[in-house]
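Everything numeric in this text was worked out from a predicted model, so none of it was measured.
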Amino acid sequence: MTQRFTGRTALVTGAGSGIGRATALAFAAEGAHVVVAGRRREPLDETVTLIEESGGKALAVTADVTRAADLRDLVDATVDHFGSLDVAVNNAGVLEAGGQPAADIPEDAWRRMLDINVTGVLLALQAEVRQMRTQPGGGAIVNIASRIGVHGRIPGMTAYGTTKAAVSVLTRGAALDHIADGVRINAVSPGASATTMSFKPGETEADRAERMRTAVPVGRVSTVEEIAAAVLYLASDDAASVVGTDLVVDGGSTA
Ligand SMILES: NC(=O)c1ccc[n+]([C@@H]2O[C@H](COP(=O)([O-])OP(=O)(O)OC[C@H]3O[C@@H](n4cnc5c(N)ncnc54)[C@H](OP(=O)(O)O)[C@@H]3O)[C@@H](O)[C@H]2O)c1
């Protein structure tokens with residue numbers, strides 16, 4: 001196994017489940033010290049246990065990405081514990097009001113999604129850049145957007161798609177704003193991936209597999225490890241000249 005992150009510290013938000021947990025495990029497997037963040041303590045502790053059982057080092061910190069103070073404390077805890085913040089993955093996100101046509105999207109769900117998916121990414125990025133630009137090696141940030149923000153074409157996903165398109169644009173703008181600070185910022189846009197988020201209400205795993213067989217050119221959801229691999233590439237020195245890109249990993253859905 002290549003060890004691209006030995007001696008570096010990676011922070012992952014939303015790391016108690018799904019893509020975030022897989023990304024945290026992948027960083028640890030490549031030598032990083034990992035800080036895992038989210039609102040609920042128990043799933044974060046489970047991620048830490050999985051990392052420690054594989055011989056890695058990790059720290060769980062509860063933080064709500066809609067609160068700037070939580071994010072400042074999160075970055076401070078990272079630096080206090082491991083000495084630096086070299087990589088940050090802004091992965092925390094929610095999907096609400098799926099299936100609702102635009103005219104029927106509840107205002108509170110719309111505002112909550114903007115708050116978590118967009119403002120949460122900006123506030124996290126602000127806390128991360130403030131630390132990274134003080135470090136000799138700078139840092140790398142990867143935001144998690146979505147292929148739904150790249151190509152709408154999914155009825156009933158207007159609210160979620162709007163937030164994810166915003167993450168993609170935020171990524172490009174911030175990347176240009178901060179590359180001179182030594183901070184490289186990119187995004188990954190997953191397509192339907194193997195987490196609870198990609199189930200339709202009431203759907204079983206077999207139902208989802210059948211839906212994906214025709215809906216996605218590769219005929220299946222992406223694994224969380226496939227998404228994590230794209231994140232690690234962008235965060236690594238292999239991507240040293242990749243700045244402000246949005247890497248779509250969607251089994252061909254937007255091709
Ligand atoms: N799965 C897919 O098909 C897919 C496709 C495209 C993009 N994505 C994106 O990938 C990311 C990960 O999604 P996933 O599929 O892995 O879903 P998931 O398992 O539901 O993970 C989302 C994580 O975000 C955390 N979170 C939510 N609100 C938060 C907040 N306010 N502050 C801090 N943490 C918060 C959750 O933990 P707590 O509830 O404990 O805070 C949870 O661990 C999301 O940004 C999602 O939009 C997913």
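The two atoms that bring V12 and G20 nearest to each other are CG1-O, 3.6 Å, heavy atoms only. A pairwise comparison of heavy atoms in A15 and T47 identifies O-OG1, 2.8 Å as the closest pair. V34 approaches A24 most closely through the heavy-atom pair CG2-O, 3.7 Å.
Within the 4.5 Å cutoff, the side chain of I51 has no heavy atoms near those of the K57 side chain. For the pair V188 and Y233, the minimum side-chain heavy-atom distance is 4.5 Å or more. Counting heavy atoms from C-beta outward, H81 and H33 have side chains that stay 4.5 Å or more apart. When side chains are defined from C-beta on, L74 counts as touching L11, because their heavy atoms get closer than 4.5 Å. Taking the side chain as every heavy atom from C-beta outward, T62 and R40 never approach each other to under 4.5 Å. S253 has its side chain within reach of V216: a pair of non-hydrogen atoms, C-beta onward, lies under 4.5 Å apart. Put simply, the side chain of R39 reaches to within 4.5 Å of the side chain of I116, judged on heavy atoms. With a 4.5 Å cut-off on side-chain heavy atoms, D70 and V65 do not count as touching.
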Solution key, residues 155-174 side-chain donor-acceptor pairs under 3.5 Å, sequence neighbours excluded:
{"residue": "T162", "atom": "OG1", "partner": "T158", "partner atom": "O", "Å": "2.6"}
{"residue": "T163", "atom": "OG1", "partner": "N117", "partner atom": "ND2", "Å": "3.1"}
{"residue": "T163", "atom": "OG1", "partner": "Y160", "partner atom": "O", "Å": "2.7"}
{"residue": "K164", "atom": "NZ", "partner": "I144", "partner atom": "O", "Å": "3.0"}
{"residue": "S168", "atom": "OG", "partner": "D246", "partner atom": "OD2", "Å": "2.7"}
{"residue": "T171", "atom": "OG1", "partner": "N143", "partner atom": "ND2", "Å": "3.0"}
{"residue": "T171", "atom": "OG1", "partner": "V167", "partner atom": "O", "Å": "2.6"}

Donor-acceptor contacts, no H, no angles, side chain residues 126-133, under 3.5 Å, sequence neighbours left out:
{"residue": "E128", "atom": "OE1", "partner": "N90", "partner atom": "ND2", "Å": "3.0"}
{"residue": "Q131", "atom": "NE2", "partner": "Q135", "partner atom": "OE1", "Å": "2.8"}

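Classification of D115 and R111 as a salt-bridged pair fails, no side-chain N sitting under 4.0 Å from a carboxylate O. Classification of R4 and E30 as a salt-bridged pair holds, one side-chain N sitting under 4.0 Å from a carboxylate O.
In terms of hydrophobic clustering, with Ile, Leu, Val, Met, Phe, Trp and Tyr side chains grouped at heavy-atom distances under 4.5 Å, L123 and I141 are assigned to a common cluster. Hydrophobic clustering (side-chain heavy atoms under 4.5 Å, transitive across Ile, Leu, Val, Met, Phe, Trp, Tyr) keeps V242 apart from I185. A continuous path of hydrophobic side-chain contacts links L122 to L85 [ILVMFWY only; heavy atoms under 4.5 Å].
With sequence neighbours left out, the salt bridge (Lys or Arg N to Asp or Glu O under 4.0 Å) criterion links E225 to no other residue.
With V231 as the fixed residue, the side-chain contact (heavy atoms from CB on, under 4.5 Å) test singles out one of N186, V142, L247: V142.
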Problem - Step-by-step side-chain hydrogen bond (donor to acceptor under 3.5 Å, both in side chains) determination, T254 to R147 - result: CA-CA 7 Å; T254 49; R147 77 99 175 168; over 6 Å; no
